[in-house]
Number of protein chains: 2
Amino acid sequence: MPQTARRARAAKAAKLQSAAFRRTRSDHSRELAEDYVELIADLIDERGLARGTDVAGRLGVANATVVKMLKRLQDAGLVTQEPYREINLTGEGWLLAENGRKRHRIVENFLLALGLSEETARIDSEGIEHHVSDETLKAMARFVARNS
Amino acid sequence: MPQTARRARAAKAAKLQSAAFRRTRSDHSRELAEDYVELIADLIDERGLARGTDVAGRLGVANATVVKMLKRLQDAGLVTQEPYREINLTGEGWLLAENGRKRHRIVENFLLALGLSEETARIDSEGIEHHVSDETLKAMARFVARNS
DNA sequence: GTAAGAGTTTAGCCTTTGCTAAACTTAATT
DNA sequence: AATTAAGTTTAGCAAAGGCTAAACTCTTAC
Ligand SMILES: [Mn+2]
Ligand SMILES: [Mn+2]
Ligand SMILES: [Mn+2]
Ligand SMILES: [Mn+2]
């Protein structure tokens with residue numbers, strides 16, 4: 001029965017491909033939290049404190065959007081904030097931020113090593129960083145080490 | 001007044017960075033449509049027609065999710081479908097699908113040329129493809145041409 | 001021709017991520 | 001001390017993208 005064989009092949013194709021789409025969806029669900037904590041860490045390091053307005057300005061979204069997201073990040077245990085005060089990171093938040101920075105730096109340097117302009121490397125890396133597996137990240141780091 | 005200078009620098013930093021985040025958000029808003037039409041095109045080429053169940057199976061989502069999305073894609077002029085019938089692409093849909101396939105192929109081959117496993121290349125490329133500018137895509141294609 | 005099985009649609013729900021406008025608090029200026 | 005400016009929060013809205021359960025239609029096998 002070639003029907004059965006065809007079906008089995010189709011089922012395997014579906015399983016393989018759906019795994020990739022599932023990974024992408026799960027990357028996306030972590031993406032914003034990573035960008036927020038990384039950005040907050042940068043602001044704290046650069047200017048001593050992170051305010052909601054600065055976060056909104058850097059992300060290019062409205063203040064109210066930031067307020068709402070910060071609540072979710074607090075619930076997730078990444079951020080602390082008293083009403084009307086500046087934003088701080090928890091221990092876990094700092095860990096995530098450091099990790100994000102490392103990843104981001106590698107991806108951006110990789111794009112530069114590939115010969116792209118600073119602007120393109122900056123812009124493209126902001127999206128790509130979240131979809132890079134550990135294996136790929138290592139390969140990128142290796143490439144950077146060799147071509148710089 | 002060094003205050004003013006500092007402010008100007010900060011404003012420029014915010015503008016630069018927010019441009020990257022805006023690009024990522026706009027990539028995301030196109031992402032799903034691209035994946036759908038690419039997948040529908042593949043199904044039509046592989047098995048002669050694309051059914052909702054197949055799309056759902058390959059994406060790893062529920063049938064109802066696909067139905068809702070197909071409505072949006074019809075509104076966007078990318079897809080046509082009569083009730084209870086198979087899915088077809090409009091001219092515009094085929095163009096987008098072809099473009100997506102090209103992009104996807106280049107990104108996946110690039111990851112392979114970088115030395116990654118087939119599985120990792122397949123999975124990572126599914127997310128990365130949507131965040132790659134034309135400049136980066138060209139650089140990837142060049143790299144593939146040299147290292148294969 | 002009818003019944004069964006495969007596939008599709010609808011209804012109703014939820015979370016996330018965005019927005020504007022209005023109200024509020026804090027900090028700075030006078 | 002009072003006013004003002006800057007920053008924050010709340011309220012209310014919307015679109016996108018998920019889900020399950022139940023109803024429906026089409027095709028195929030009998
Ligand atoms: Mn980042
Ligand atoms: Mn990012
Ligand atoms: Mn993404
Ligand atoms: Mn994709």
Rounded distance in Å - [atom1] ([X]) to [atom2] ([N]):
{"X": "A:L59", "N": "C:dG18", "atom1": "CG", "atom2": "C1'", "result": "12 Å"}
{"X": "A:L49", "N": "C:dA27", "atom1": "CG", "atom2": "P", "result": "11 Å"}
{"X": "A:N63", "N": "D:dA11", "atom1": "CG", "atom2": "P", "result": "17 Å"}
{"X": "B:L32", "N": "C:dT16", "atom1": "CG", "atom2": "C1'", "result": "14 Å"}
{"X": "A:E86", "N": "D:dG7", "atom1": "CD", "atom2": "C1'", "result": "12 Å"}
{"X": "A:K71", "N": "C:dT15", "atom1": "NZ", "atom2": "P", "result": "16 Å"}
{"X": "A:D75", "N": "C:dT15", "atom1": "CG", "atom2": "C1'", "result": "13 Å"}
{"X": "B:Y84", "N": "C:dT8", "atom1": "OH", "atom2": "C1'", "result": "5 Å"}

Identify which nucleotide among C:dA21, D:dT20, C:dG18 has an atom closest to any side-chain atom of B:A62, counting heavy atoms from C-beta outward.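 Side chain of B:A62 sits closest to D:dT20.
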Looking only at side-chain atoms of B:A64, point me to the closest of C:dT10, C:dT17, C:dC19. C:dT10
When the nearest nucleotide of DNA chain D is assigned to A:R51 and to B:R85 on a heavy-atom basis, which residue is associated with the more 5' position? A:R51
Contact nearer the 5' end of DNA chain D, comparing A:Q81 with A:R25: A:Q81
If the condition is side chain to side chain donor-acceptor pair (under 3.5 Å), which residues does A:S133 pass it with, not counting sequence neighbours? A:T136, B:D124
Tell me which one of B:D54, B:I44, B:L49, B:L43 satisfies side chain to side chain contact (heavy atoms under 4.5 Å, CB included) with B:E86. B:L49
Test of understanding: with salt bridge (charged side-chain N to carboxylate O under 4.0 Å, His left out), list the residues that count as partners of A:D134, not counting sequence neighbours.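 Checked A:D134 against salt bridge (charged side-chain N to carboxylate O under 4.0 Å, His left out); matches are A:R103.
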Result for 5'-nearest mapping on DNA chain C, choosing between A:H28 and A:P83, is A:H28
Reading DNA chain C from 5' onward, which residue's closest nucleotide shows up sooner: B:K68 or B:G52?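 In this pair, the answer is B:G52.
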OP1 or OP2 of C:dC19 under 4.0 Å from side-chain N/O of A:T65: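 So the side-chain polar atoms of A:T65 do come within 4.0 Å of the phosphate oxygens OP1 or OP2 of C:dC19, strictly under.
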Select base, sugar-phosphate, or nothing to describe what [X] touches, counting heavy atoms under 4.0 Å on all strands.
{"X": "A:R72", "value": "base"}
{"X": "A:T53", "value": "sugar-phosphate"}
{"X": "A:V67", "value": "base"}

Main-chain N/O of B:S26 paired with B:S29 side-chain donor or acceptor, under 3.5 Å: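 Checked: pair present.
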Is there a donor-acceptor pair under 3.5 Å between the side chain of B:S125 and the backbone N or O of B:V107?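 No, B:S125 side chain to B:V107 backbone: no donor-acceptor pair under 3.5 Å.
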